[in-house]
Number of protein chains: 2
Amino acid sequence: MPPLERNKRDVAQRILDHATKLFARHGFVGASLRDIAKAVGIRKPSLLYHFPSKDDLRRGVLEQMLAHWNHAVPRILRAATAGPEQFDAIATEALTFFREDPDRARLLLRELLDRPEEVAPLVAMRVQPWSKIVCDYIRKGQEQGRVRADVDPEAYVAQVINLVLCGFATHISISRVLAQAPEEHDPSERLLREMLRVAKSSLFETGPAPAPARARPAIAGGA
Amino acid sequence: MPPLERNKRDVAQRILDHATKLFARHGFVGASLRDIAKAVGIRKPSLLYHFPSKDDLRRGVLEQMLAHWNHAVPRILRAATAGPEQFDAIATEALTFFREDPDRARLLLRELLDRPEEVAPLVAMRVQPWSKIVCDYIRKGQEQGRVRADVDPEAYVAQVINLVLCGFATHISISRVLAQAPEEHDPSERLLREMLRVAKSSLFETGPAPAPARARPAIAGGA
DNA sequence: CCGTCTCTCTACCACTCGGTAGGCACATCG
DNA sequence: CGATGTGCCTACCGAGTGGTAGAGAGACGG
């Protein structure tokens, strides 16, 4: 690839990155092309040379994020077909995607709020292969008695998505609501641990809790 | 109260209502004063007569929503100090607030995304009395062995807030992700039921599930 | 009946927005 | 070397924004 073309891709990439951050922080209408261009270090018409319109830029940002997700899915699916202790593996892989950059959660949430008709099908396409695996896993676990019988697989997946999306998007605010010291990028470990615990313990009959008094036969799926 | 003054309050109220809806749907920057005025049926300067600036209107909208929440809290607290089967009562009362008008969840989520520094303390003030009751209830339940020992009360409350907020704000999109028929205002009953189930079963050792094979001594707290 | 006060209106303002026109520097290639 | 084309720039545009000025219609109190 000639250096000139590489440079072009490089600038486009930097535009996408800064646009992602500013769209996530201030919303699509709240982030102006001037601000984005300034963050990149160029002028607005130069930005419009790479992305012919603001809406093109928005779609580019969304596509890049979904592409990143696509890139993460194989790792998640591999975790999903590994061993019997699949839950933690799946959860860890899926959370990594948002831990890498919490702006992804903010951006996605904003897009779902602003343009549900357009964004929902796009997201659905990317989420379904993964959610299908999880649902199958849940149903099989239910047949084997490992997973609670009252779990509604698809609806459960939706709740976990809510949990993660909102958790990463608003953790700073939520931390303050609980009068905790907010951390810079990640939700505090405490909130993240509880997020996982809620997701897990609502799935299996018993969680990894050290049941204080009464001993109970260990069931596959708990730690 | 003279009819003239009542009319003034009436117009201000209609402005607040329409502004709530439009802010929730399109965001603060995305909803223009002209659009809001048009929805009310007046002109923009008339709107600015009642609310001197757009930011005043925003604060008014937020305050009204928090006031509505304040109005709902006594019912919730009453439910919280009723009987042993408190969970369903608390949950129902709290959910009613958002079921009445899902725009409340959307508005709150948007404000938390846009202005965490300003909104978080406001919300914290309103949520803390309620969350404190819930946390005390959880801790007492843990001492009595009714509630799972591994629950982190404050963090658990945060997760439930995430679940509800995101669930009501994006349920249309999430429904489509799961390829369900979206309903007009409420999340589909199926999603709502699972939301409650996740919150409840992650709190108590056993849920209301008809444990299929192995019988187990009933523990207070489950249904 | 007349002055005052309340509320709404039309007309306008400065400003920012997304987007365009056209020129300039430079790298590439025949 | 000149021709071509790429990528960035300054300058500008119309549209829409939040907000203001000031006039007019109608209710109220003396």
Side-chain angles (χ1 to χ4, degrees), chain A residues 1-64 107 110-111 114-115 118, chain B residues 1-64 107 110-111 114-115 118:
Chain A
M1 180 183 300
L4 209 146
E5 187 174 343
R6 214 191 57 177
N7 179 60
K8 177 171 181 174
R9 287 176 56 111
D10 203 58
V11 172
Q13 186 56 55
R14 276 164 51 214
I15 293 174
L16 281 177
D17 290 342
H18 283 98
T20 299
K21 186 162 72 180
L22 290 174
F23 284 161
R25 296 236 220 283
H26 309 297
F28 178 67
V29 278
S32 73
L33 292 182
R34 281 171 177 84
D35 292 342
I36 297 169
K38 183 183 286 184
V40 177
I42 58 178
R43 304 289 160 263
K44 187 187 46 157
S46 308
L47 191 158
L48 284 166
Y49 170 80
H50 293 276
F51 296 88
S53 78
K54 193 183 185 184
D55 211 62
D56 286 316
L57 178 57
R58 181 183 63 77
R59 277 193 295 269
V61 164
L62 194 56
E63 275 171 25
Q64 173 178 260
L107 182 78
R110 291 199 115 110
E111 286 290 297
D114 287 343
R115 269 165 293 275
E118 178 194 338
Chain B
M1 181 183 299
L4 209 146
E5 186 173 343
R6 214 190 60 178
N7 179 59
K8 177 171 183 176
R9 286 176 57 112
D10 202 59
V11 173
Q13 186 55 56
R14 276 163 53 212
I15 293 174
L16 282 177
D17 291 342
H18 283 97
T20 300
K21 187 163 71 181
L22 290 173
F23 284 161
R25 296 239 218 282
H26 310 296
F28 178 66
V29 278
S32 73
L33 291 182
R34 279 172 177 83
D35 292 342
I36 298 170
K38 183 184 287 183
V40 178
I42 58 178
R43 305 289 160 260
K44 188 186 44 156
S46 307
L47 190 157
L48 285 166
Y49 171 80
H50 293 276
F51 296 89
S53 78
K54 194 184 186 184
D55 210 63
D56 285 316
L57 177 56
R58 181 183 62 78
R59 278 193 294 270
V61 164
L62 194 57
E63 274 171 26
Q64 173 178 259
L107 182 78
R110 291 200 114 110
E111 285 290 297
D114 287 343
R115 268 165 294 275
E118 178 193 338

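Convention: sequence-line order gives letters A, B, ...; per-chain numbering from 1. All values derive from a computational prediction rather than experimental measurement. What's counted below: heavy atoms across the whole structure, side chains too, no hydrogens, waters or symmetry copies.
- Applying the 4.0 Å criterion to OP1 and OP2 of dC7(C), one finds that Ser46(B) has every side-chain N and O outside that range.
- For the pair Lys54(B) (side chain) and Phe28(B) (backbone), a donor-acceptor distance under 3.5 Å is present.
- Regarding Leu48(B), its CG atom lies at a distance of 12 Å from the P atom of dC9(C), rounded to whole Å.
- If you take CG of Leu22(B) and P of dG18(D), they are 12 Å apart, rounded to a whole angstrom.
- Listed in residue order, the members of residues 26-42 of chain B having a heavy atom less than 4.0 Å from DNA chain C are Ile42(B).
- Ser46(B) contributes no side-chain N or O that, together with a main-chain N or O of Ile42(B), makes up a donor-acceptor pair within less than 3.5 Å.
- With distances taken from any side-chain atom of Arg43(B) to the nucleotides dT6(D), dT10(C), dT20(C), the minimum falls on dT10(C).
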Starting from the C-alpha separation in whole Å, work towards a yes-or-no answer on side chain to side chain donor-acceptor pair (under 3.5 Å) for Asp17(A) and Thr20(A).
CA-CA 5 Å; Asp17(A) 290 342; Thr20(A) 299; 5.3 Å; no

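- Taking the side chain of His50(A) as heavy atoms from C-beta on, and the options dC8(D), dT10(C), dT8(C), the nearest nucleotide is dC8(D).
- For Leu57(B) and dT17(D), the CG to P distance is 15 Å, given to the nearest whole Å.
- Residues Ser53(B) and Asp56(B) have side chains in contact (heavy-atom distance under 4.5 Å, counting atoms from C-beta outward).
- No donor-acceptor pair closer than 3.5 Å links the side chain of His26(A) to the backbone N or O of Leu22(A).
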Tell me, with the steps shown, if Asp55(B) and Arg59(B) meet salt bridge (charged side-chain N to carboxylate O under 4.0 Å, His left out).
CA-CA 6 Å; Asp55(B) 210 63; Arg59(B) 278 193 294 270; 2.6 Å; yes

Under the criterion side chain to side chain contact (heavy atoms under 4.5 Å, CB included), I'd like the reasoning laid out for Phe51(B) against Arg58(B): C-alpha separation, chi angles, the key distance, then a yes or no.
CA-CA 9 Å; Phe51(B) 296 89; Arg58(B) 181 183 62 78; over 6 Å; no

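- If you check dA11(C), dG18(C), dG19(D) against the side chain of Lys44(B), the one that comes closest is dG19(D).
- Remark: Tyr49(A) is in phosphate contact with dG7(D), judged by side-chain N or O atoms under 4.0 Å from OP1 or OP2.
- Atom P of nucleotide dC8(D) and atom CG of Leu47(A) are separated by 10 Å, given to the nearest angstrom.
- Which of dT8(C), dT10(C), dT10(D) sits closest to the side chain of Pro45(B) comes down to dT10(C).
- If you check distances only, the side chain of Lys54(A) never reaches the base of dG19(C) with a donor-acceptor pair under 3.5 Å.
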